[in-house]
Structures are given as structure tokens and as C-alpha cells.
A.B. asks: 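Structure in C-alpha cells, see below.
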Amino acid sequence: MSVNFDYKTQVLVVGAGSAGVTAALAAARNGATTLLIERSGFLGGISATLPWLGFHDREYRQVVKGLAQEFVRDLVADGDAVDPCLDPKCGSTFSFNFHAWKIMAMRKMEEAGVKVLLHAVYVDTLRENDRITGVVIETKTGRQNIGADVVIDCSGDGDVAARGGLTWEKGRTKDGLVQSPTLVFRIGGVNRQELVNACKDPAYNYREWLDPYPDVRERFVANLDDLPSFIFGGFADLMQQARDAGELDVPQSRVVGVKLHEEDEFMAVMTRVLGLDPTNVDNMSNAFSSLYKQVTPIMNFFRKWVPGFSQCVLREIAPIMGVRESRRIIGDYILTGEDVIAGTEFEDAVSMGGYHIDIHRPSGSWVESYNVQAYTIPLRSLISKDAENLLMAGKCISATHEAIGSTRVIPICMGQAQAVGTVSAMAVNKNKSVRDISVHDLQNTLIDQGAEIGQSLGEPNLEAIEKYGQLPLEDAEKTSGEGDPVTSGAWLSSKREEREVGSGD
Ligand SMILES: Cc1cc2nc3c(=O)[nH]c(=O)nc-3n(C[C@H](O)[C@H](O)[C@H](O)COP(=O)(O)OP(=O)(O)OC[C@H]3O[C@@H](n4cnc5c(N)ncnc54)[C@H](O)[C@@H]3O)c2cc1C
């Protein structure tokens, strides 16, 4: 059945989170007519609510560059950010002004000639055999059919693929459960020095998973006075005391978050619900309601119990729920936990990552984590196996539940997105299918445009290792006695035991 299109574009990007913004920018700068559609009224998605983790690997080498690096450079130059701060678990954290990022993203879209439709909800996929011919959107103007040569699904939920009947998976293999979601909120009025002093005081046990590595702890903590931004996951005893006193009843066992670069600000990443299906509207609404209810008790806990927070105020609740995991579109290759841990170098590498596998448990408590070596992401994991012209970047790439635990952080999403935006533009420029573009040409183009695919990674950063310490690839086992039964099942034969270790987010 032929469709009348209200609008046609060469490259259509659905969803304007970190992945969508970067994909659209890459496509437009490489010469494609590009349309970006977003259901909210701002660009950036979750990346406009959180600091960005994982620009660096365990050896403190910068594994994501290119457009993501350009955003960092410009935010720092504008005085809206400080350079990424190194961290032994998460590689690095980049703290910046979230509103400045939204403004910058909009400006960059305009400068590159990307047409942006805000408050435009993708509702359906138009498909002819193995081609996605376009999508249907719903706006105040009404329902519109948008035609496209290439479609990039950056919805975070794999919406375009799912409605188009393409293959996807969701959550853990054994039960489909996804990582627990969090509604993050920003706290102001924090006394930074009091907080830093508590982190240095062994009685508070800041990041207790560092216990087996006293050398790393000593080195890292010695830097806290000078680190504008640092990651938080600890103070478990304090939370337990508040719980025992009947003053805290939330499903979270640690203070989790990030000390932001603004002197008095802290991003709390502590609300939590279990069993969410992010593609079910009742579920999402109930989860939102439950997450909102946790904000006040957590604020009260901070004020009464946590050093440096006695005068703190609630500054902002994120405008969107933080869904860590949803549908993953099955591509020509499924990136696995093993690939990530082994630091696999794929022949069709188009981006990189080095962030630990960081799984906020779908059941039980806190997180499960495995350190990784700098790894590459193959183009095959960014193209739907069932379609000629559907690519994906961000949370919904073709990877297992475990691999997504690493690839999901913002810089790594942006790296994938630069690759898919670029290859889409190359395809439409040459009137070819994305699969017919020479991977070698794509890699050269990405390298020319500043992306990192291993060509300039260099040696471990010994100076940083000396300064901040380095974790072994195989973390020591540490159990808190409150984790759920083994969740990861069959996925890593050599690493079956579940371990409680620290998380950044
Ligand atoms: C609670 C939480 C804490 C985290 N902490 C960190 C951290 O500290 N640092 C870090 O680097 N990473 C962190 N992560 C991971 C990271 O934030 C996300 O994985 C990443 O931002 C995903 O980017 P994305 O572009 O794929 O998805 P999103 O940011 O979710 O973007 C998807 C976009 O698509 C839009 N969209 C969805 N459906 C439709 C539709 N039907 N029509 C139109 N638009 C649509 C959405 O509105 C959204 O803007 C965290 C994640 C969560 C959930």
C-alpha cells in the first residue's frame, strides 16, 4: 500500500537523548538532510539530567572522543563545566550545567541544519518488506507520515523496531527483567568540605567496595579535596542506622550519586523501584508515583544524617524517569558481556567503551559490577538484522543485558551515535544501503572527524594510575548478604558468583 508522506527526509532520527542528538549532528554535518523528532520539549533526554560517566577506561585513557569530546570542550570553554574528573571505577565523571547543555544542543542542531520537531511523538513504523519507509508521528498539528531513506532508532526503547515488527529483546535472558529505574534529583546547599571530611573518615566507609584495595582507596581519597566532582556510593551503615531508627524506608541501601562541580550541589541517584516494564504505561505511571514518594524521605535522611547536608534543599527533580534498560534491537551482531570484559577489537569497530559493567539489579539490592578492558563496538551491533535501513544507538543497541550494563553510559552512547549518523549520511550521499558502505571508509571518516576507535588510545596513563590508583580487572568478591540470588545465571562461566561492588550511577 503506498503512503502519502507529509514530509520527507534522508535521515530520520527518533528520540533526542544523548544518542539522538549526536546521531543527527553527525548525519547533518556529513551532508544528509536530517530530521530529529522528540516527544519532550528539550534536547538531551537523560543526558540533560546527569553527569556523564565513562569517557575514560580503567587505565585512564580517553576511549570516547569525536562529537562527545566537542560537547565537553565547548561546555568547558563557555564556563558551564569543568574537565572530566578521573575515577578508578567509572573512568571519569563530567559535571556540567544541564541547562547549558540543552541550549548548546539546540544551537548545534540549528548550525548543522538539522530540522528538529519537539513535542512530536513517534507512534508507528511504516515498513515495506525489509525497508522502513518512514514513521508516523503525532503532534498538535495532527498525525503525520514522515518518509525517510534511513531511520535511526534512538528512542531508548527500540520503539521504531518494535512497532515495525523487527526482532528485539528486553532485560535478562532468564526472566526479561530490566535494570531498576531511578528518578534522580539535584540537591543544593551542601557543605562540600563537611562531606569531603566524612568521605575521608573511615567510620563512614565511603565506597566500601574499595576496602579490598587500601592502596586505591588511599590514593583516590587523597584527591577528594581537589576533585570538583566525584562519584558516591557508600555510607551504608548510616543508612542502616536511619532505617533502624524508623526514619528511612526506601529500597536503597547506600547513598548513591555524584558530587557535582558546583560547590554546593549533589546529584542523588537513590530512588528505586523493582519489576518495572518500561514499555507498559500503567507500570511506568505506578513507578513514577512510587519514585516521587521516595524523594522527601531521602531528603529528610540527608538533612538529619549525612554530614554536610543539614541545610540542603531540593533544587530539581529530573523531568524524566531514568530508565536504565528497555528493549534492545537485535542487530547483525549481539555484543556480549564477554566481549566487553575481554576488550574485544572488532574489525568493523566504529566506537569504543571502557566503563565497567554496571547493573542496577532488577531484583534484590544495589548493583553488580565487572571491570572491563577498553573495547570496541562493531557496526554490526548498530544495524537491525531484519531491515536494510534501520540503525540504532544508545540504550537500544544490539547487546546483551550484561553488555548494555557498560555501553549504556552517555559518552559511549554518543560514540555509537556519531558512527550511525555518519554511516547513514555516507549511504544516502552515495545512494547505497548502509551495509554497502565500506567499513574501512567509514572508519577513516570517523577518525578524520575526531572519533576514537583505537587508533590513538595510547598506553595506560601511568601518571593518573599513580595518582588515583587502579582496580584489578578481576574485582575481589565482596558480598553484603543482601543481594538477590545469582542473577546473571549463565552469562559468564568464569564469573558466576554475584558480587557487590560500587557503582557510579
Ligand atoms: C537513573 C540513571 C542514572 C544514570 N546515571 C548515569 C550517569 O551518571 N552518567 C552516565 O553517563 N550515564 C548514566 N546513565 C545511563 C545514561 O544516562 C543512559 O543510558 C543514556 O543517557 C541513554 O541515552 P539514549 O539517548 O539512548 O536514551 P535517552 O536519554 O532515554 O533518550 C531517548 C529519547 O527518546 C525520546 N523518545 C522516546 N520515545 C519517544 C517517542 N515515542 N517519540 C519521540 N521521542 C521519544 C525520549 O523522550 C528521550 O529524549 C544513567 C541512567 C539512568 C537511568
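Just follow the structure's listing: the first ligand is 1, and inside any ligand the first atom is 1. Along the sequence shown, the residues carry numbers beginning at 1.
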A.B. asks: Is it true that Ala16 lies under 4.0 Å from ligand 1, counting heavy atoms only?
C.D. replies: yes
A.B. asks: Pairing donors with acceptors under 3.5 angstrom, does anything connect the side chains of Thr93 and Asp87?
C.D. replies: no
A.B. asks: Once you round to the nearest 0.5 Å, how far does NZ of Lys385 lie from CG of Leu166?
C.D. replies: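 One gets 9.0 Å once the value is rounded to the nearest 0.5 Å.
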A.B. asks: Indicate, with yes or no, if the rings of Phe71 and Phe96 have centres closer together than 6.0 Å.
C.D. replies: no
A.B. asks: Checking contacts here: is it the side chain or the backbone of Ile410 that comes within 4.0 Å of ligand 1, counting heavy atoms only? Could be both or neither.
C.D. replies: both
A.B. asks: Determine, considering heavy atoms only, which of His360, Met392, Glu38 sits nearest to atom 48 (C) of ligand 1.
C.D. replies: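 When every heavy atom of His360, Met392, Glu38 is considered, Glu38 comes closest to atom 48 (C) of ligand 1.
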A.B. asks: Roughly how far, to the nearest 0.5 Å, is CG of Asn97 from CG of Asp80?
C.D. replies: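 So the gap between those two atoms works out to 5.0 Å.
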A.B. asks: Would you check whether Gly322 has a nitrogen or oxygen atom less than 3.5 angstrom from a nitrogen or oxygen atom of ligand 1?
C.D. replies: no
A.B. asks: Run the salt-bridge test on Asp74 and Arg107 with the 4.0 Å N-O cut-off and return the result as yes or no.
C.D. replies: no
A.B. asks: Is the shortest N/O to N/O distance between Thr182 and ligand 1 below 3.5 Å?
C.D. replies: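 No: no nitrogen or oxygen of Thr182 is under 3.5 Å from one in ligand 1.
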A.B. asks: Among the heavy atoms of Val121, does any lie under 4.0 Å from an atom of ligand 1?
C.D. replies: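 Contact check Val121 vs ligand 1: positive.
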A.B. asks: Test Thr182 against every option in Thr271, Val323, Val256 by the side chain to side chain contact (heavy atoms under 4.5 Å, CB included) rule and name the one that passes.
C.D. replies: Thr271
A.B. asks: Return yes when Ala120 approaches ligand 1 closer than 4.0 angstrom through a heavy atom, no otherwise.
C.D. replies: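 A heavy atom of Ala120 does come that close to ligand 1.
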A.B. asks: For Phe230, does the six-membered ring have the charged nitrogen or CZ of Arg207 within the cation-pi criterion, i.e. under 6.0 angstrom from the centroid and within 45° of the normal?
C.D. replies: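 Because its charged atom misses either the 6.0 Å distance or the 45° angle limit, Arg207 does not stack over Phe230.
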A.B. asks: Taking atom 51 (C) of ligand 1 as the point of reference, which of Met267, Arg408, Arg272 owns the nearest heavy atom?
C.D. replies: Arg408
A.B. asks: Could you see which bit of Ala417 sits under 4.0 Å from ligand 1, with heavy atoms only: side chain, backbone, both or neither?
C.D. replies: neither
A.B. asks: I'd like to know if Arg408 pairs up with Asp358 as an ion pair, taking the criterion as any Lys NZ or Arg NE/NH1/NH2 lying under 4.0 Å from an Asp or Glu carboxylate oxygen.
C.D. replies: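 Looking at Asp358 together with Arg408, the answer is yes, because their closest N to O distance falls below 4.0 Å.
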A.B. asks: Any non-hydrogen atom of Gly54 lying under 4.0 Å from ligand 1?
C.D. replies: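 The answer is no, since Gly54 has no heavy atom less than 4.0 Å from ligand 1.
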A.B. asks: Of the side chain and backbone of Val123, name the one, both, or neither that has a heavy atom under 4.0 Å from an atom of ligand 1.
C.D. replies: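 For Val123, there is no contact with ligand 1 at all, from either part.
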A.B. asks: Identify which of Ser18, Pro319, Gly394 has a heavy atom lying nearest to atom 23 (O) of ligand 1.
C.D. replies: Ser18
A.B. asks: Between His119, Arg324, Glu138, which one has a non-hydrogen atom sitting closest to atom 52 (C) of ligand 1?
C.D. replies: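 Selected option, by shortest heavy-atom distance: Arg324.
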A.B. asks: Under 3.5 Å, N or O to N or O, is Lys395 touching ligand 1 that way?
C.D. replies: yes
A.B. asks: If you measure from each heavy atom of Asp157 to ligand 1, is any distance below 4.0 Å?
C.D. replies: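 Asp157: no contact with ligand 1 (<4.0 Å).
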A.B. asks: Could you tell me whether Arg143 and Asp6 have a side-chain N and a carboxylate O separated by less than 4.0 Å?
C.D. replies: no
A.B. asks: Tell me whether Glu262 is salt-bridged to Arg186, with the criterion being a basic N under 4.0 Å from an acidic carboxylate O.
C.D. replies: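 Looking at Glu262 and Arg186, the cut-off is not met.
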